[in-house]
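Given the structure is predicted, the values throughout are model-derived calculations rather than measurements.
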Amino acid sequence: MYPEICKIGPITIYSYGLLMAAAFLISSALAVQQAKRKGFDPESIFNLSFIAFICGVAGARILYVAENAPYYLKNPLEIFMLQRGGLSWYGGLIIGALCGVIFLKKKKLSIYGILDLIVPFVALGQAIGRVGCLLNGCCYGKVSRFGIYFNIYDSVLIPTQIYSSLALLLIFIILRRLQERPHSRGAVFFTYLVLYSAQRFFIEFLRADNQIIIFGLTLFQLISIAIFLSAGYKLISMRRPGK
């Protein structure tokens with residue numbers, strides 16, 4: 001893999017950080033463009049994207065460090081070395097969404113309306129970010145004859161990063177189609193939660209970097225089940241008469 005793209009003097013360009021930045025810039029630019037089309041304030045959408053991104057990265061790092069606490073207790077300085085990867089998406093989703101909702105409430109903006117607007121581009125940003133995971137070598141899969149050779153592990157592994165990226169790209173397409181059709185407020189957002197949690201649940205069976213917690217499932221599969229059920233319930237309740 002290629003964790004380092006190049007060096008410019010004393011500055012090292014890391015593939016993980018570069019793809020993270022690209023994911024943010026592309027997804028936020030598309031969200032701002034969509035905001036203009038739908039009559040939302042573009043500046044508020046960009047500010048929301050920036051706040052959610054920063055808080056999301058912090059939340060994702062906190063959860064990852066908590067998962068690997070024994071290692072980081074011995075190597076505390078590495079907590080801040082984001083260029084090496086180490087983000088847990090569900091931590092980012094929870095903290096990023098929480099900060100985003102606080103921002104929207106302060107601005108007195110439609111929470112579900114704007115979540116529906118931006119969430120397809122969140123999925124697209126994730127798809128781009130997973131390419132950074134592939135280049136960095138993190139979020140790797142199990143050993144397989146039919147995988148890709150990862151030189152940093154000297155093994156042929158299932159390219160779960162590619163599978164996840166393609167699944168997220170498909171989710172982006174589905175959400176964009178739903179977004180352009182008449183729908184209840186919040187339907188796009190909760191559809192994203194259902195689809196993402198489902199794909200993450202099954203991808204986890206192929207990954208080799210997360211420990212089994214209980215019933216043969218990882219922590220992220222347990223979280224995926226909880227999110228799938230709660231978001232699925234919300235979608236079903238939206239279809240009830242009078243909703």
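Cluster annotation: Phe190 is connected to Ile223 through the hydrophobic network of ILVMFWY side chains, with a link wherever side-chain heavy atoms come within less than 4.5 Å. Using a 4.5 Å cut-off between side-chain heavy atoms of Ile, Leu, Val, Met, Phe, Trp and Tyr, with links allowed through other members, Tyr149 and Tyr163 fall into different hydrophobic clusters. Two different hydrophobic clusters hold Ile94 and Ile62 under the rule that ILVMFWY side chains link at heavy-atom gaps under 4.5 Å. The cluster map of Ile, Leu, Val, Met, Phe, Trp and Tyr, joined by side-chain heavy atoms under 4.5 Å apart, puts Leu193 and Tyr112 in the same cluster. Residue Leu93 is grouped with residue Ile225 when hydrophobic side chains (ILVMFWY) are merged at heavy-atom distances under 4.5 angstrom, including chains of intermediate members.
Partners of Ser44 by side chain to side chain donor-acceptor pair (under 3.5 Å), not counting sequence neighbours, listed by chain and number: Asp41. Among residues two or more places apart in sequence or in another chain, the side-chain contact (heavy atoms from CB on, under 4.5 Å) test is passed with Ser144 by Phe146, Ile158. With sequence neighbours excluded, the residues that form a side chain to side chain donor-acceptor pair (under 3.5 Å) with Ser110 are Arg185. With sequence neighbours excluded, the residues that form a side chain to side chain donor-acceptor pair (under 3.5 Å) with Glu67 are Ser88. Legend: residues meeting side-chain contact (heavy atoms from CB on, under 4.5 Å) with Arg177, ordered by chain and number and at least two apart, are Ile173, Arg181. Considering only residues two or more places apart in sequence or on other chains, Ser224 meets the side chain to side chain donor-acceptor pair (under 3.5 Å) condition with Tyr90. For Glu43, there are no salt bridge (charged side-chain N to carboxylate O under 4.0 Å, His left out) partners two or more places apart in sequence or in a different chain. Applying the salt bridge (charged side-chain N to carboxylate O under 4.0 Å, His left out) criterion to Lys38, with sequence neighbours excluded, gives Glu180. By the side-chain contact (heavy atoms from CB on, under 4.5 Å) test, Leu166 pairs with Ile162, sequence neighbours left out.
Here the NZ-OG distance, from Lys142 to Ser155, works out to 14.5 Å after rounding to the nearest 0.5 Å. Rounding to the nearest 0.5 angstrom, the gap separating the OG atom in Ser230 from the CG atom in Leu235 is 10.0 Å. Annotation: the span from Phe172 atom CZ to Leu195 atom CG amounts to 14.0 Å, rounded to 0.5 Å. Rounding to the nearest 0.5 Å gives a distance of 10.0 Å between CD1 of Ile174 and CG of Leu169. Expressed to the nearest 0.5 Å, how far CD1 of Ile227 lies from CG of Leu222 amounts to 11.5 Å.
Between Gln199 and Ala167, the shortest heavy-atom distance links the atoms OE1-CB, 3.9 Å. What you find for Leu178 and Ala187 is that their closest heavy atoms are CD2-O, 4.1 Å. Closest non-hydrogen pair, Ser15 versus Leu135, comes out as OG-CB, 3.5 Å. Scanning both residues, Gly141 and Thr160, for their nearest heavy atoms gives N-OG1, 3.5 Å.
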Test side chain to side chain contact (heavy atoms under 4.5 Å, CB included) applied to Ser28 and Phe53, step by step: CA-CA 10 Å; Ser28 60; Phe53 176 75; over 6 Å; no
field: Derivation and outcome, side chain to side chain contact (heavy atoms under 4.5 Å, CB included), residues Val65 and Tyr71
entry: CA-CA 8 Å; Val65 170; Tyr71 174 80; over 6 Å; no
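Ile212 shares a hydrophobic cluster with no other residue; no ILVMFWY side chain has heavy atoms under 4.5 Å from its own.
Using the six-membered ring where Trp is involved, Phe46 and Phe24 have ring planes that are tilted, between 30° and 60° apart.
Between the Ser165 side chain and the Gln161 main chain, no donor and acceptor come within less than 3.5 Å of each other. Put simply, the side chain of Tyr153 gets close to the backbone of Gly137: a donor and an acceptor are under 3.5 Å apart.
For the side chain to side chain contact (heavy atoms under 4.5 Å, CB included) with Phe103, the qualifying choice from Ile111, Leu98, Ile51 is Ile51, the only one to do so.
Using a 4.5 Å cut-off on side-chain heavy atoms (C-beta onward), Val156 and Val143 make no contact.
Outside the 6.0 Å centre-distance limit, the rings of Tyr140 and Phe150 are not counted as a close aromatic pair.
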List the atom pairs, with distances to 0.1 Å, where a side-chain N or O of residues 201-211 and a protein N or O form a donor-acceptor pair under 3.5 Å, not counting sequence neighbours.
unit_1, atom_1, unit_2, atom_2, d
Glu204, OE1, Asn210, ND2, 3.1
Glu204, OE1, Thr218, OG1, 2.8
Glu204, OE2, Arg200, NE, 2.9
Glu204, OE2, Arg200, NH2, 3.2
Glu204, OE2, Asn210, ND2, 3.1
Arg207, NE, Asp209, OD1, 3.0
Arg207, NH2, Asp209, OD1, 3.4
Arg207, NH2, Asp209, OD2, 2.7

When the side chains of residues 113-129 are checked against the rest of the protein, which donor-acceptor pairs come out under 3.5 Å, sequence neighbours left out?
unit_1, atom_1, unit_2, atom_2, d
Asp116, OD1, Gly186, N, 3.4
Asp116, OD1, Val188, N, 3.3
Asp116, OD1, Phe189, N, 2.9
Asp116, OD2, Gly186, N, 2.6
Gln126, OE1, Tyr192, OH, 2.6

